[in-house]
Structures are given as C-alpha cells and as structure tokens.
Undergrad: 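This is the structure, below, for whatever I ask next.
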Amino acid sequence: MDTSARALRDRLRGRLIAAAATPMTAAGEVDPDVVARYLAGLVEDGAEGLAVLAHTGRGPFLTPDVRAAVIERGAALGVPVLVGVGGGDLESAEDQARMAARCGADGVLVFPQAGDRRALHEAVWQAAHLPMIAFDLYTRPCPPPALREILHHPGVAGLKTALLSDAMACQRAIAYTREAGRLPITGEDRMFGPSLLWGAEAALVGIAAAHVDLTGAVMRAFRGTDLPAFREASARLDTLAEATFTEPMEGYVQRMLWLAAAEGRIPDTHAHDPFAPPLPAGERDQVLKAVL
C-alpha cells in the first residue's frame with residue numbers, strides 16, 4: 001500500500017464522515033456561502049470528516065466551477081475531506097481527481113461506472129495520486145473478483161459499502177477489505193448498526209447529511225462499552241432511516257435536504273434536489289412528522 005493511502009486509512013479509522021448534500025435551489029443553483037455554513041454546521045455537530053460531491057452531494061451533475069467551490073469550502077474546515085469522482089467517462093474522472101488535489105482534498109471516493117473497474121482506479125490514481133476510497137454501491141454492485149483486485153491497488157485506502165439491503169454482500173465486502181489490510185467503511189444507512197458489528201471500522205453515510213448528531217451517537221456508543229446506549233441510539237437512527245431511505249430510493253437526497261432545512265442548517269430556498277425522482281404530495285410533512 002502506498003504511504004499516502006496507509007496514512008488516510010489510519011486517519012479515518014473510527015471516524016464518522018458525513019456524506020454531505022449540496023444545497024441547491026429548485027433551478028439547481030448553488031450558493032457557496034450556503035454550502036460553507038452547511039458544511040461547518042455538520043462538523044460542529046459531530047461529523048469528523050466530510051465527503052463532498054458524492055452520491056448524496058450529486059457530484060456527477062455539477063459543473064467544474066461549482067465542484068471547486070464546494071471542495072474548497074470543505075477543505076477550509078480542518079477535517080479530512082473526500083471528494084466523489086467519476087460517474088461519467090474516464091477522462092472526466094481523471095479531471096475531477098486533479099481538481100480535488102488542487103482544491104485541498106485528502107482523498108477521493110471513486111464512483112462505480114461501466115467498464116474495467118481496476119483500470120478506472122488506476123487512471124484516477126495516476127491523474128492525482130490522491131488516496132482512494134473504493135465504492136460498492138447498490139446501483140452498480142462490484143463483482144467479487146473485481147472487488148478483490150481493486151482492494152489490492154496500492155492507492156486504495158479503504159472501501160465504502162452501500163449495498164442497501166444485501167447483508168451477505170456487505171459482510172463479504174467487509175471481510176475482503178479487512179483481509180486486504182484496508183479500511184472497511186460502512187455506507188449502509190439501512191444496516192448501520194449491523195454493519196459495524198460485522199466489522200466496519202468507520203462510517204461514510206448520507207444519513208449524516210442532517211441529524212448528524214444522531215449518527216454520531218451511534219458511533220460513540222459503539223466505540224464505548226454501553227450496549228444499551230448503542231441499542232437505543234441505533235433504534236433512533238433506524239427510525240430516521242426508515243423515513244428517509246425508502247422507495248423511491250433516490251428520493252433520499254431530497255428528504256435529507258428537507259430535514260437539513262427543518263434543522264436550520266440551510267434555507268428553504270436551497271432545500272431542493274433537482275435530480276430527485278417525483279415524490280408524493282405531502283411526503284415532506286410525513287418525513288418531518290416521523291423524525292422531528
């Protein structure tokens with residue numbers, strides 16, 4: 001393993017990394033000042049790292065100038081910052097990785113995309129030599145042979161699993177990651193507590209895009225010795241997950257933005273996900289009633 005990947009692995013171990021949303025207007029406009037206040041609030045309330053422009057942050061849809069502004073605001077906060085790269089063609093992934101390095105990111109989260117996944121990670125590595133977090137995502141799960149190969153790339157520091165409901169695949173991915181000496185990171189918003197018990201050693205979750213203190217409470221309880229506290233915090237987090245990570249699943253970003261606005265993290269004018277699927281009328285009220 002490259003020394004930079006080893007250093008990031010060790011730095012992230014045990015941490016809660018919030019997969020931050022990107023606050024936008026209904027027209028998709030991003031205000032860097034709103035982003036800065038939102039990211040700072042997540043850190044103040046318990047996020048020990050930030051993942052910006054990831055799946056929750058709608059990174060693949062944003063322009064280079066917006067991406068640069070978001071990364072710079074995150075990098076100014078003094079916590080580890082990972083940047084989502086990829087989601088398009090190989091050249092765009094390389095360009096995004098180079099921008100992440102220029103703007104002060106500590107590492108990149110590599111989106112799964114069509115084609116040779118080992119070649120994708122090698123191209124991103126050669127473009128910027130930033131340590132990488134591989135990403136096993138429910139929309140494009142990684143075949144086990146390819147996953148094993150990626151985990152032995154020298155630039156890979158860890159693996160985020162976000163397989164949603166496939167417990168066996170999650171357990172297998174965590175086991176592969178530990179065997180390779182990399183950091184197993186849970187992205188399992190609907191299997192959060194169990195994935196920690198299965199061996200995940202850090203968390204990078206969209207459910208921490210709002211109510212970050214609740215996800216932090218689960219992590220703190222897990223690191224301690226108070227089993228009832230872990231069980232109680234996990235139950236409260238599951239209630240949040242049931243209300244937000246549900247069908248249509250891609251609507252979770254919009255639901256988390258509603259919650260962030262209700263908490264006062266962002267203005268209502270920027271609590272929009274223009275890329276969300278249609279959601280039923282009245283769902284915002286239902287989500288807030290279930291959680292607040």
Side-chain angles (χ1 to χ4, degrees), residues 12 15-85 96 99-100 102-109 187 189 203-220 237 240 243-245 251-276 284-285 287-288 291-292:
L12 296 182
R15 289 184 182 246
L16 168 60
I17 303 133
T22 303
M24 301 184 214
T25 67
E29 298 165 338
V30 177
D31 183 334
D33 291 335
V34 171
V35 171
R37 289 193 296 272
Y38 167 65
L39 296 179
L42 293 178
V43 173
E44 289 169 6
D45 290 342
E48 301 162 303
L50 295 168
V52 299
L53 306 173
H55 192 217
T56 306
R58 298 306 196 202
F61 300 106
L62 302 180
T63 61
D65 59 328
V66 170
R67 289 179 61 88
V70 171
I71 299 167
E72 289 167 355
R73 269 54 176 191
L77 295 172
V79 296
V81 173
L82 306 175
V83 176
V85 301
Q96 290 167 6
M99 174 185 286
R102 289 195 302 271
C103 293
D106 297 281
V108 292
L109 176 69
D189 308 271
L204 195 171
V205 281
I207 205 167
H211 287 301
V212 64
D213 55 326
L214 180 51
T215 314
V218 180
M219 291 293 289
R220 290 191 298 273
L237 187 63
L240 173 59
T244 50
F245 285 77
Y252 86 87
V253 176
Q254 179 60 79
R255 299 179 190 113
M256 297 308 299
L257 286 164
W258 287 336
L259 289 174
E263 289 184 286
R265 297 185 184 279
I266 58 176
D268 282 335
T269 53
H270 286 73
H272 296 276
D273 175 19
F275 312 103
R284 178 173 184 162
D285 290 340
V287 169
L288 298 183
V291 174
L292 298 180

Undergrad: Rounded to the nearest 0.5 Å, how far apart are CG of Asp45 and CG of Asp213?
TA: 6.0 Å

Undergrad: Could you tell me if the side chain of Leu16 sits less than 4.5 Å from the side chain of Val218, heavy atoms only?
TA: no

Undergrad: Go through the steps to decide whether Leu12 and Leu82 satisfy the test side chain to side chain contact (heavy atoms under 4.5 Å, CB included), and finish with yes or no.
TA: CA-CA 10 Å; Leu12 296 182; Leu82 306 175; 4.2 Å; yes

Undergrad: Rounded to the nearest 0.5 Å, how far apart are CD of Gln96 and CG of Leu53?
TA: 8.5 Å

Undergrad: Evaluate the ring planes of Phe245 and Tyr252, with Trp represented by its six-membered ring, and classify them as parallel (under 30°), tilted (30 to 60°) or perpendicular (over 60°).
TA: parallel

Undergrad: Please answer whether the main-chain N or O of Trp258 pairs with a side-chain N or O of Glu263 as donor and acceptor at a distance below 3.5 Å.
TA: no

Undergrad: What pair of heavy atoms forms the shortest contact from Val34 to Pro267, and how long is it?
TA: CG1-CD, 3.8 Å

Undergrad: Roughly how far apart are Met219 CE and Leu237 CG, rounded to 0.5 Å?
TA: 11.0 Å

Undergrad: Apply salt bridge (charged side-chain N to carboxylate O under 4.0 Å, His left out) to Arg67 and list each qualifying residue two or more places apart in sequence or on a separate chain.
TA: none

Undergrad: In Å, rounded to the nearest 0.5 Å, how long is the span from CG of Leu240 to CG of Leu259?
TA: 6.5 Å

Undergrad: Ignoring hydrogens and geometry, is there a side-chain-to-backbone donor-acceptor pair from Asp106 to Val81 under 3.5 Å?
TA: yes

Undergrad: What's the verdict on side chain to side chain contact (heavy atoms under 4.5 Å, CB included) for Val83 and Val70, showing C-alpha distance, side-chain angles and the deciding distance?
TA: CA-CA 10 Å; Val83 176; Val70 171; over 6 Å; no

Undergrad: Return the minimal non-hydrogen interatomic distance between Cys103 and Ala75, and the atom names on each side.
TA: O-CB, 3.6 Å

Undergrad: Can you name the salt bridge (charged side-chain N to carboxylate O under 4.0 Å, His left out) partners of Arg58, sequence neighbours left out?
TA: Glu250, Asp273

Undergrad: Looking only at non-hydrogen atoms, find the nearest pair between Ala18 and Ala208 and report the distance.
TA: CB-O, 3.7 Å

Undergrad: To the nearest 0.5 angstrom, please state how far the CD1 atom of Ile266 sits from the CZ atom of Arg37.
TA: 11.0 Å

Undergrad: What pair of heavy atoms forms the shortest contact from Leu62 to Gly57, and how long is it?
TA: CD1-O, 3.8 Å

Undergrad: In Å and rounded to the nearest 0.5 Å, what is the CG to OG1 distance from Asp189 to Thr56?
TA: 7.0 Å

Undergrad: Strictly distance-based, threshold 3.5 Å: is any side-chain N or O of Tyr38 a donor or acceptor partner for the main-chain N or O of Ala21?
TA: yes

Undergrad: Quick one: does Arg265's side chain get under 4.5 Å of Leu42's, heavy atoms only?
TA: yes

Undergrad: Tell me every residue that passes side-chain contact (heavy atoms from CB on, under 4.5 Å) with Val30, counting only those two or more places apart in sequence or in another chain.
TA: Thr22, Met24, Val35, Val66

Undergrad: Which pair of non-hydrogen atoms, one from Leu288 and one from Ala262, has the smallest distance, and what is that distance?
TA: CD2-CB, 3.8 Å

Undergrad: Can you tell me if Arg255 uses its side chain to pair, donor with acceptor, with the backbone of Thr244 under 3.5 Å?
TA: yes

Undergrad: Restricting to non-hydrogen atoms, name the atom on Ala276 and the atom on Gln254 that form the minimum distance, rounded to 0.1 Å.
TA: CB-CB, 4.1 Å

